[in-house]
Amino acid sequence: MSSQKPSIPRGTRDFGPEKMIKRNFILNTIQTVFKKFGFLQIETPSMEQLSVLSGKYGEEGDQLIFKILNSGNYLENINTDFIIENHKKLTPQIAEKALRYDLTVPFARFVVMNKNEITFPFKRYQIQPVWRADKPQKGRYREFYQCDADVVGTNSLLCETEIISMITEVFQKLNINDYTIKINHRKILQGIASAIGKDGQESSLCVAIDKLDKIGIQGVSKELLEKGYTDSEIEKLLPIFNLKGNTLEIIEQLKIFLDENPIGNKGIEEILSILDILESMNANFQNITLDLSLARGLSYYTGTIFEVKVNNIQMGSVSGGGRYDNLTEIFGLPNISGVGISFGVDRLYDVLEELQLFPSSSEQNTQILITYFDQEGFRYGLNILPQLRAANISSELYPDSSKIKKQFEYADKKKIPYVAIIGEEEMIENKISIKNMLTGTQERYTLQELILNFSRN
RNA sequence: GAAGGUGUAGCUCAGUUGGUUAGAGCGCUAGAUUGUGGUUCUUGAGGUCGUGGGUUCGAUCCCCAUCACUUUCCCCA
């Protein structure tokens, strides 16, 4: 009999107990903040109809969707010409379901399907894994979690400020202090495109200037040239890259650049309103900057866009989002504006690990392990165990009758802070010896004393 | 889609300019210590050197192919 070597698909991960404790610290923090701001949780299925996802993420995005092969004889009734002609035409015929690629599109589908039950404005949060058929790299997986919070059904800029407040609170709770919330506005980018004579062509402009911090002004210029921008158009753009000062000063310079462009000025107005609301709420501004090079890849954003970067650490953005005006329109529900935020748990994990910001995990652990020498001690332990648990003390009884040494090793490896020892002497005295595994000290308590000492934890 | 890197013990890695018996640290086993973990000392187990083929008297090493993992670019969280 030959055994097979087990493995998991690349880009996927197992999470052991230590990792789950740390992940849950992040997830619970985010969830607590979402709840506090009045967001309600929903979940959607792992798989969606392929047609729901197709075409929502651009042409490249379609390739990155994990498709699920139809059940049964999926080749029945297939026009074999497709196989030779084009696999893209064959795919929808043999796969009608696919794994979700993000949480936003399924949410849009959810809103449209449940529009009669939903009370608008609808604030929902969702924490679930998503899948991408990408080649894995550092900080990039084929299965990963997203934590999204969105408000749909209102244009109010209060939503934007609440998102900023939530980011601030999450980072404060995670003890990350040195970070930047970059904000920008798609309408400002539209206005810039228009001002240099490229009306309506801001998407290629966005893709290029999004890379500004990576490839520099020269790299961006080169890319724009390749995309058909003329030298004079790029020349006009240059002042944008050289704006200096704080957010308000940049806005003043930007106003001059945009001149009377109505769309661009609408964007500026909204940014100013957001800052004004934040000021009324006495919010902390320090971490917010207007970054005109922020564009964000996804094409459905139409208003304010955000991204959060942890400073002084080699890591891409850990959070991002923005306002979208027409996400539900494609499913037949127009004029629903929404704004959302997404936290990247996996990247936050790496950041906290690197900055050593995870709290000590001992409190989540078993507090007391009951050890014993013989069958009699085991029975004594069986009596103690439920009483400890009734007092809300996380505890366990060693299951096998092994040497005491072995039982201590178990406690040590599991980082259980206290070991209860039940031997002949203890049973005669009707007390329990408790050894503190950290300090090595040992004392005897009655069960009552033990419960009193430990239940306050 | 393009270009690199790496596959040797459970883990992290040495090594052999091609030679008989492939090593270390950590981990694991057992003991020193029959009522005590972590520290210390001693002991033992554990390998088709990724897979298939080629060259050779002989390949873990050289050549070819293949698979897996990994990094960068593109794109994204």
Side-chain angles (χ1 to χ4, degrees), chain A residues 2-3 5-13 16 26 30 57-65 100-104 127-148 206-208 210-211 214-215 219 223 226 295-299 306-310 314-322 340-351 369-374 376-377 398 402-428 432-444:
Chain A
S2 69
S3 64
K5 199 175 182 179
S7 65
I8 54 175
R10 60 188 304 205
T12 66
R13 293 155 297 163
I26 298 172
I30 294 170
Y57 308 106
E59 205 161 311
E60 296 237 352
D62 276 2
Q63 305 283 81
L64 299 179
I65 296 170
R100 77 168 96 75
Y101 179 89
D102 70 358
L103 299 180
T104 310
I127 299 174
Q128 289 190 276
V130 302
W131 292 270
R132 297 193 184 171
D134 207 354
K135 271 188 185 166
Q137 285 171 36
K138 188 183 175 66
R140 199 163 166 193
Y141 306 95
R142 295 212 282 193
E143 179 186 61
F144 60 97
Y145 274 72
Q146 287 190 334
C147 306
D148 279 27
C206 289
V207 171
D210 195 39
K211 297 173 194 162
K214 262 192 188 170
I215 58 179
E223 181 160 335
E226 284 164 7
R296 295 196 54 78
L298 291 171
S299 51
F306 322 89
E307 207 162 274
V308 185
K309 170 94 179 60
V310 179
Q314 187 74 30
M315 181 66 67
S317 69
V318 293
S319 180
I341 178 79
S342 179
F343 288 94
V345 189
D346 300 285
R347 286 188 175 176
L348 279 171
Y349 183 99
D350 291 343
V351 168
L369 173 75
I370 304 174
T371 65
Y372 50 88
F373 295 93
D374 50 24
E376 210 184 329
Y398 196 83
S402 309
K403 282 187 220 168
I404 197 84
K405 182 187 172 82
K406 192 104 181 165
Q407 302 180 48
F408 268 78
E409 274 171 4
Y410 174 79
D412 187 55
K413 278 184 185 143
K414 237 184 130 176
K415 296 200 160 53
I416 296 172
Y418 297 95
V419 173
I421 305 151
I422 296 165
E424 225 175 314
E425 294 171 29
E426 283 85 352
M427 285 187 280
I428 290 166
I432 303 150
S433 291
I434 297 291
K435 176 160 181 174
N436 181 327
M437 294 294 276
L438 211 67
T439 61
T441 56
Q442 190 166 319
E443 275 186 82
R444 285 189 191 172

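Just so we're on the same page: letters track the sequence lines, and every chain starts at 1.
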key: Spacing of the C1' atoms in U20(B) and G10(B) (rounded, Å)   = 29 Å
note = Applying ring-ring contact (aromatic ring centres under 6.0 Å, His included) to F373(A) and not counting sequence neighbours gives none
task = Go through the structure and list residues passing ring-ring contact (aromatic ring centres under 6.0 Å, His included) with Y372(A), not counting sequence neighbours.
result = F378(A)
ask   = Which residues satisfy the side-chain hydrogen bond (donor to acceptor under 3.5 Å, both in side chains) test with S342(A), sequence neighbours excluded?
value = D148(A)
inquiry  = OP1 or OP2 of A77(B) versus the side-chain N and O atoms of R347(A): is any pair under 4.0 Å?
reply    = no
ask   = Atom CD1 of I370(A) to atom C1' of U36(B): distance rounded to whole Å?
value = 16 Å
key: ring-ring contact (aromatic ring centres under 6.0 Å, His included) involving Y410(A) - partner list, sequence neighbours excluded   = Y398(A)
message = Testing the basics here: between G11(A) and Y141(A), what is the closest heavy-atom pair and its distance to 0.1 Å?
response = O-CB, 3.4 Å
Using atom names, set out every protein N or O paired with an N or O of nucleotides 28-35 of chain B below 3.5 Å, distance rounded to 0.1 Å.
unit_1 : atom_1 : unit_2  : atom_2 : d
C28(B) : OP1    : K413(A) : NZ     : 2.9
G31(B) : OP1    : K403(A) : NZ     : 3.1
G31(B) : OP2    : K403(A) : NZ     : 3.3
G35(B) : O6     : E425(A) : N      : 3.2
G35(B) : O6     : E425(A) : OE2    : 3.4
G35(B) : O6     : E426(A) : OE1    : 3.4
G35(B) : N1     : E426(A) : OE1    : 2.9
G35(B) : N1     : E426(A) : OE2    : 3.1
G35(B) : N2     : E426(A) : OE2    : 2.6

query = Say you pick atom C1' in A14(B) and the same atom in G54(B); how far apart are they, in whole Å?
reply = 29 Å
query = Nearest-Å distance, OH (Y418(A)) to C1' (U36(B))?
reply = 17 Å
Atom pair distance, as rounded to whole Å: CD in Q63(A) and P in G1(B) = 9 Å
query = With Q128(A), which residues qualify under side-chain contact (heavy atoms from CB on, under 4.5 Å), at least two apart?
reply = E43(A), T44(A), R100(A), L103(A), Q126(A)
request  = May I ask you to say what S342(A) touches in the nucleic acid, namely base, sugar-phosphate or nothing, with a heavy-atom cut-off under 4.0 Å?
outcome  = nothing
query = Mind pulling the stems RNA chain B is in, i.e. runs of at least three Watson-Crick or G-U pairs, everything under 3.5 Å?
reply = B:1-7 with B:67-73, B:10-13 with B:23-26, B:30-32 with B:40-42, B:50-54 with B:62-66
request  = Go through the structure and list residues passing side-chain hydrogen bond (donor to acceptor under 3.5 Å, both in side chains) with D350(A), not counting sequence neighbours.
outcome  = none
remark   = On RNA chain B, more 5' by nearest nucleotide between M437(A) and Q137(A) is M437(A)
request  = Using whole Å, report how far CD1 of I8(A) lies from P of A68(B).
outcome  = 15 Å
task = Apply side-chain hydrogen bond (donor to acceptor under 3.5 Å, both in side chains) to E143(A) and list each qualifying residue two or more places apart in sequence or on a separate chain.
result = W131(A)
inquiry  = Rounding to an integer number of Å, can you tell me how far F408(A) CZ sits from U39(B) P?
reply    = 15 Å
ask   = What is the distance from OH of Y141(A) to P of C69(B), rounded to the nearest Å?
value = 15 Å
